[in-house]
Structure formats: C-alpha cells, structure tokens
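We count ligands from 1, going down the list as the structure has it; atoms in each ligand are counted the same way.
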Amino acid sequence: MKFVNSYKEKMKKYNEEHKLKYYIDTMGCQMNENDSLKYAGIFESMGFEKGEEDNSNVYLFNTCCVRENAENTLFGRLGMLKNRKLNNEEVYIAIVGCMTQQEHILEKIKKSYRFVDVVLGTSCMSIFPEKLYYAIVDNKKKIEYIDVSNALEEEVPIAYNDKYKASVSIIYGCNNFCSYCIVPYVRGRERSRKPEDIIADVKKLADEGYKEIMLLGQNVNSYGNDFKEKYTFPMLLEELEKIDGIEIIRFMSPHPKDFKDDLIEVIKKSKKIARQIHLPLQSGNTEILKKMNRKYTKEQFIELALKLKEIPDVSLSTDIIVGFPNETEEQFLDTLDVVRKVEFDQIYMFIYSKRTGTVAAKLDDEITYEEKVDRLERLKKLYEETLPKLNEKMVGKVYKVLVEGKSKTNNDLYTGRSSQNKVVIFEADESFVGKVVNVKIDSQHLWYLKGTIIK
Ligand code: SF4
C-alpha cells in the first residue's frame, strides 16, 4: 500500500495559515518507536510543527497492548486532554497502534471517549492524512475505525530523531502465536518488505550520513518466508553489508527456533554486523516453553546460545518472563540454570502479565504476586553477579564504538555504544561525534565501561 499524497497536500495548505503543532506519545516496543518516527515524518510533510506535551494541537497516541498498565496510561491521558477540548482549545486526538486492534478497547473508546477524533489500527499510515484532514478541516467528528493490519506500507515519510543511528523495519506481523503474546492478533501475519525497498532505504540513510542501522521485525529471521522466490534474512544481510557508509548493522528480534547455521555463518564473516545478538529465552524450562508455544527446549536453547558465544567478542542479550501461569519453583530454577550457563550481557526481565485474547490468559494461575516478585529479584541478583565478570573480560581489549555525544552523567566525557551494545565513556571532543572509533577498555563499572580512544 503506497502513501497517498493528496490529503497530505491539502493539510499542508491548511497549515500554512493555521500552523498547528503535533505531539506524539509512544508506548511499547522498538517497532512502535519506529512507527512514531514515521508518524512524525507524516506530520512534518503536512506542515505541522513539533510541539510539546502542553502546547500542541494534535495529540497522537501510538499505543501498545503488551503491558497491562498501558491501557490505564492511555485513558488517563485522554481524560486530561478532554478538559482542554471542553475549554474550546483547538485540540485533536488520534489513537493508533496495537491497542486499537482489540475489540474491548475500541468499544470503550466509542462508548466513553467520543471526543477522540481519529482511531486507526496498525499499518494504517497511508490513510492517516485523510482521516486527520476530515477531523480538522471537514469537522466529521465520528470515530471511524479501519483495520488494514495485514497491509504493507511503503514510501511513508520518516523523521529520524538521531543523526547517526536509524531503524528500518524489514518485516511486519508475526505467525508464531506464543501463548502469552498479543502481537499476532494485533499486527497481523508476517509480511516481508521487498529487499530492493529495504536496500534503497538503507542506501539513502548512508547517503545522509547514518552510520548504524537497526533492522526491525517481530521475528527478523522469518524474513522472506512469504516470498515465492527464495530470499532469506542472511541473504538480505549480505546485501546490506555492501552498502558504503553503513558501519554497524544490528537486528532485533530473531526467534531462537529460526536461528539457523547460514545466519551464524553470515554474522561470523561480516565486518559490520554487531557482535551483539538478542536471543529471547522467555523461560528456561522445557515444559513452560511448550506451554508458551516457543518450539524449542531448554537444551536446544543452550546449544544455540553457546554456539553463538563462539563468535569472537559476541555478547548475548535476552528477554525472560518469570511467573508464567503456575510456573513451579523447580521450573523457575531451570531459568536460573540457563542464565548461569549462557551468561547474558543484558536481560530484559518481566513478570508475566496476562493479555486478554491470548491462549495463556485462560490458564489457571495460583502463584502469588509476591512469589513472582521474589523470582524476579533472584534473577536480577544472578544477572548482576554475572555481569562484572563478562565486562572484566573486555578490559584491555579494543572495540569499535560509534561516538554519540557528551555523556549525560559525566559532562567532561563522551559516550557511545560498542558493537556489543555496551555503554562506553571516554575522553573526546565534538569532532568525534558521529564517527566510529576504536576504544581500548580501561575499566568496567557494571552498567558502563571506561576507555581511551586509540588511533
Ligand atoms: S515471536 Fe512470539 S513473542 Fe514474538 S511477537 Fe511473535 S508471538 Fe509475540
């Protein structure tokens, strides 16, 4: 689905006189962050100026339904904007993203939040200018909901908020149906973007001076499964490697069940693919993994993780859910066992949170919240004991770092991330910002490393 320009032009004309401001409130994952950059690009192509939370005219809520409290956050914020509308301020509200794909949310908006102007599902960017134009100029105050969650949108303008790092979506949707996850229901089935469109986007970013790209998808290593002709994620990586100017390539997230040897070989050969791999474990117990519909066992995960760790200088990050319905102490100990054996450099850990509409939401759960919190604390403790050991191994070695700017915590120093996605701080000056430099690590400080730029 291509981006339609006619309403964009109409809205732009309107803004020549009215100069409306926009504000985007993003909830959720990196896919949503990337979508919000596109919405910002659409707003700017329609002549809107970027505003602040308290002085804007159009408020766009890009919603997420992975965490339970996101709904409360959204409805709380809508309540506050309602007062500004009642005071006859020129305020418009649009809600987009995953949450609007859920029937009960849609009903709630229709029933109790009728002052909302535009409600669109995921993959609806192409029609956003038209719907916004109706709300603002044509004054058609009716909540209209359009579900094109299986669409693949191209040529959407994008306003990046970083000069050197950019994310590029390569595949939308998910076919995996992990039992705790709502994503396949709200983002539709897997749709891979054509390689030529992705390559063109990355070439354009390289021409604009971007050095690092993050390839995004719910399951990046399913890329190409929906093509008639064979074209795989490793093949795409090999093409992107050839693009001059791009120095670091990251991707997020691969599914362990689809992480095959051809991908490992491409990573090993590559000079640009970051030495950091995100490998979501979720649980270390085979029985729980089965209930989660993850399609790998504890042993298969460990085997894969240890194989990846043979790649020189590689760091592994992961996601772990504790307290899946009726997870026993013994099953939780399996998770700790995997964490001990694999030694992750970064763990995103969560307490299981029930999502209405998923298979796991129907499971009985007798574990108390206190038990779940206790498990989370024990996991955190183990992780924090492991991390210094891993960091220590980096001391004395030299790593590629993209210099991002001044350190926020120590203004005399500069900061960047190593290929392993570790925060590194060092002495530098403004001329280094945006460059990839070699940094020798001098010391480790748990959440960051200190180093020296070497020529
Ligand atoms: S792979 Fe599983 S956890 Fe990830 S988006 Fe798909 S269903 Fe959700």
Side-chain angles (χ1 to χ4, degrees), residues 27-35 62-68 70 97-102 121-123 149-150 152 167 169-193 214-226 232-233 250-260 263 277-298 300-301 304-305 316-325 327 335 338 344 346-363:
M27 302 164 193
C29 65
Q30 292 211 28
M31 294 292 280
N32 259 19
E33 296 281 350
N34 184 266
D35 282 354
N62 189 7
T63 61
C64 163
C65 51
V66 170
R67 305 266 150 254
E68 210 167 15
C98 299
M99 221 187 262
T100 64
Q101 302 273 156
Q102 292 184 292
T122 54
S123 312
S149 56
N150 277 316
L152 188 57
S167 53
S169 298
I170 62 164
I171 177 168
Y172 299 98
C174 183
N175 292 356
N176 288 321
F177 289 92
C178 299
S179 67
Y180 53 84
C181 182
I182 195 76
V183 166
Y185 304 93
V186 295
R187 290 226 171 224
R189 298 293 76 74
E190 286 167 359
R191 289 98 66 203
S192 306
R193 293 182 63 206
M214 165 71 90
L215 306 174
L216 289 179
Q218 305 295 348
N219 183 8
V220 285
N221 42 6
S222 284
Y223 178 79
N225 285 354
D226 51 332
T232 61
F233 182 54
R250 299 184 191 274
F251 54 84
M252 177 104 137
S253 289
H255 194 305
K257 78 174 166 61
D258 300 319
F259 216 114
K260 301 286 170 346
L263 178 53
I277 297 163
H278 187 70
L279 199 65
L281 168 64
Q282 308 304 4
S283 166
N285 175 266
T286 300
E287 196 54 36
I288 293 285
L289 286 168
K290 205 166 171 206
K291 286 188 185 167
M292 287 177 162
N293 194 28
R294 292 290 292 174
K295 301 196 169 69
Y296 51 85
T297 62
K298 174 186 177 183
Q300 284 166 335
F301 184 93
L304 171 63
L316 289 190
S317 58
T318 196
D319 299 323
I320 294 177
I321 299 171
V322 299
F324 187 77
E327 176 194 60
T335 297
V338 178
F344 296 101
Q346 211 169 359
I347 305 180
Y348 300 92
M349 45 188 105
F350 311 93
I351 289 179
Y352 169 77
S353 139
K354 175 169 154 172
R355 302 315 302 145
T356 309
T358 60
V359 172
K362 297 185 194 111
L363 297 175

* Structure fact -> All heavy atoms of T318 vs all of L279, minimum pair found to be OG1-O, 2.6 Å

* Nearest non-hydrogen protein atom, atom 3 (S) of ligand 1 -> Y180 OH, 3.5 Å

* Asked: Residues two or more places apart in sequence or in another chain: which of them pass side chain to side chain contact (heavy atoms under 4.5 Å, CB included) with P325?
  -> Y352, L363, D365

* **Partner set under side chain to side chain contact (heavy atoms under 4.5 Å, CB included) for S222, not counting sequence neighbours** => I171, E190, N219, N225, D258

* Asked: What protein N, O or S atoms come within a distance below 2.8 Å of atom 2 (Fe) of ligand 1, ordered by chain and number?
  -> C178 SG

* Asked: Parallel, tilted or perpendicular: which describes the rings of H255 and Y296, with under 30° parallel and over 60° perpendicular?
  -> perpendicular

* **Contacts of K298 that satisfy salt bridge (charged side-chain N to carboxylate O under 4.0 Å, His left out) - sequence neighbours left out** => D334, D337

* To do: Check F301 against P280 and note the closest heavy-atom contact, atom names and distance.
  => CE1-O, 3.8 Å

